[in-house]
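Bear in mind the structure is a predicted one, so any value in this text is a computation, not a measurement.
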Amino acid sequence: MASGVGMAAWSFLSALALATMLAPAGAAAELAAQDRQDIARLAESRGVAAGEVAPLVEEIDRAASRGLPAAPLANKVKEGLAKGVPPARVQTVLRGLVGNMDSAVGLLGTVPDAALRARAIEVLAEALGRGVTAEDVKRLAQGGGAAPAESLAFGAKGWALLREAGIPSDDGVALMSEAMRHGFRSADLLALAREVSRRRDEFASGRASLDAVREAVRRGERPERVLPPERVERPERAPVVAPERPERPPEPPAERPDRPERPPR
Amino acid sequence: MRLAWGLVATMVVAGCAASLREGLRVREGTVEFRWRRPEAASVAIAGDFNGWSASSHAMDREGGLWTRRIALPPGEYAFMYVVDGREWLTPPVEEKVPDGFGGWNGRVVVP
């Protein structure tokens, strides 16, 4: 019992010491203190040395000093450490995310509200990370009229979802642009994209038409009414084999690939 | 009368089947996670809503299912299931997103 308490105290003090080492000297911390402590605690629990995790925190601090949102970057570091990903690999992913955020800043332009700006940067960076190109974003901005930056970011993310569902680029970008131009809220843009993605078979088979959906948006239909009623096909006999969906990206593995576990210290 | 009893029996069976189903249920700001993993000794949910903690949101065993309800503010959340404190597995949900590290996170949307 006593040794258990001693171990717990030692773990706490180790995490505290690591958090202290990770704290920036002098300048005000850009990364929230809680995030800093969480990263230190996760690193300590995974047996990651302070010297290996410090560059990750420095990377976040540098990004935050340029005005990029620190919270999603800290979240990615926590995720990687929690999953036992080697710190060098976490840093590579972190740098990719920072790069996408920098690109997002350039595409979004000036956003006066700090909270909206951070959200737009995070969402657009995610879209860029999921295969949306800067050219796509420019097309969305042109087609979306005077839509605010947040709408542009969510429109891009909506296009990412449609793209992953196999919707052709011209159709997907045109639909999101139309919805942006007609004032769809961020949540509505994503809901529309998700619903089209979910019903992709109807659009692929011609039972539903994206042109008709876009026309409904153009007419000013409410977001929940732009899609046609869902028609459930009832075959007389159940198919022996489920139909193939060639247009869908490959399904992720049900389980993560084996990754060597770090033995606890 | 026989028809009425038949309907009641059908509803009871359907209700039982629904309660045994794995997946996500989102209702009024609460997400119910349900996952079939009978061989696991413990299962926890780790995601961006809990700082990817593999211990803070343990699931409860209900027969062959592991369940947990979590109240979450509106937003989108990435998560995975952690089996026996060490094995990180992608949830069998409709929307999955690459985690950047070579794996896939499940995603739940709270309207």
Inset, instruction - May I ask you to say whether A:R163 pairs ionically with A:D136, meaning some side-chain N is under 4.0 Å from a carboxylate O? - result: no
Legend entry - Check ion pair A:R117-A:E122 (N to O, under 4.0 angstrom): no
Inset, instruction - Name the region of A:N75, side chain, backbone, both or neither, that has any atom closer than 4.5 Å to a heavy atom of chain B. - result: both
Inset, instruction - Can you spot which of B:F33, B:F49, B:W66 makes a ring-ring contact (aromatic ring centres under 6.0 Å, His included) with B:H57? - result: B:F49
Inset, instruction - Please state whether the side chain, the backbone, both or neither of A:Q34 comes within less than 4.5 Å of a heavy atom of chain B. - result: neither
Inset, instruction - Take the angle between the ring planes of B:Y81 and B:W35 and call it parallel below 30°, perpendicular above 60°, tilted in between. - result: parallel
Legend entry - Test: A:K76 and B:D48 ion pair at under 4.0 Å: no
Legend entry - Portion of B:V82 that has a non-hydrogen atom of chain A nearer than 4.5 angstrom: neither
Legend entry - Part of A:L161 lying under 4.5 Å from any heavy atom of chain B: side chain
Inset, instruction - Name the region of A:L42, side chain, backbone, both or neither, that has any atom closer than 4.5 Å to a heavy atom of chain B. - result: side chain
